[in-house]
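I have placed the structure first, in the form of structure tokens, so that the comments after it can refer back to it.
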Amino acid sequence: MTAEEERELYAELVLQCAESVPRGRVTTYGAIADVVGERLGRGGPRLVGNVMATHGAAVPWWRVVRADGSLPPSHGEEARQAYLEEGTPLRASGSVDLSLAFWQPGLRAE
DNA sequence: GTTATGACTATGG
DNA sequence: GCCATAGCCATAA
């Protein structure tokens, strides 16, 4: 398998995790990195971030947040409206309440 | 091979 | 919970 194919595979698994998050729930970069890293033997939250930056347009990226429940300032505004639509539990600061909304991601096949 | 960078995380304040 | 610092993984120059 070429390096490029591995990147695509990694990306696809990350997208699966993002897609597995139901409406009104969110997950974290670290959780996805853990699941995909366990499957492919490599990982790291930054890799997940890189994948989202590249292929994020194809999935509900607003359901993937940082470990503290907040999003990058660049996408906070756009995500906030999606949260209001989906009924995602938000804190006053605008961050997601992970204790209520956290979803453990998973792959379609093991 | 070394350095810089990124949609990150853990820890301490 | 937010800010600063250090650590981590892969890619690009």
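Here is how names work: the chains are called A, B, and so on, in the same order as the sequence lines, proteins then strands, and each is numbered from 1.
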Whole-Å distance, A/R7 CZ to C/dT11 P, equals 6 Å

A/R66 CZ to C/dC8 C1', in whole Å, measures 15 Å

| request: For A/A53, report the nucleic acid contact type (base, sugar-phosphate, nothing); a contact means any heavy atom under 4.0 Å. | output: base

Atom NE2 of A/H75 and atom C1' of B/dC8 are separated, to the nearest Å, by 15 Å

Thinking salt bridges, do A/E86 and A/R63 make one under a 4.0 Å N-O criterion?
yes

Per nearest nucleotide of DNA chain C, the residue lying toward the 5' end, A/S95 or A/G41, is A/S95

Give A/G43 one of three labels, base, sugar-phosphate or nothing, depending on what nucleic acid heavy atoms sit under 4.0 Å from its own.
-> sugar-phosphate

Rounded to whole Å, the OH-C1' distance (A/Y29 to B/dA10) equals 17 Å

Any strand, both distances under 3.5 Å, Watson-Crick or G-U wobble: B/dG13 pairs with C/dC2

To the nearest angstrom, the CG-C1' distance between A/N50 and C/dC8 comes to 14 Å

Closest of C/dC9, B/dA10, B/dC8 to the A/P45 side chain is B/dC8

Item checked: Centroid-centroid under 6.0 Å between A/H75 and A/W61 rings -> yes

Note to self: Counting neighbours of CD on A/E78 that are heavy atoms of other residues, nucleotides or ligands and sit closer than 6.0 Å, is the number greater than 12?
What the structure shows: no

Notebook entry, point to check: Do the side chain of A/R46 and the base of B/dC8 come within less than 3.5 angstrom through a donor-acceptor pair of N or O atoms?
Noted result: yes

Here the distance between atom C1' of C/dA4 and atom CG of A/D68, to the nearest Å, is 14 Å

Partner of B/dT3 under the Watson-Crick or G-U wobble criteria, both distances under 3.5 Å, comes out as C/dA12

* A/E6 atom CD: more than 12 heavy-atom contacts under 6.0 Å -> yes

To the nearest angstrom, the CG-C1' distance between A/L98 and B/dT9 comes to 13 Å

message: Less than 4.0 angstrom between a side-chain N/O of A/S93 and OP1 or OP2 of C/dC2, yes or no?
response: yes

Here the distance between atom P of B/dA7 and atom CD of A/E77, to the nearest Å, is 18 Å

B/dA7 and C/dA13, which share atom name P, separated by this distance in whole Å: 16 Å

Side-chain atoms of A/T28 come closest, of C/dT11, C/dC2, B/dT9, to B/dT9

**Prompt:** For A/S70 and B/dA7, is the shortest distance between a side-chain N/O and OP1 or OP2 below 4.0 Å?
**Reply:** no

### Query
What do the steps show when you test A/V26 against A/W62 for side chain to side chain contact (heavy atoms under 4.5 Å, CB included), and what is the final call?
CA-CA 8 Å; A/V26 298; A/W62 57 87; over 6 Å; no

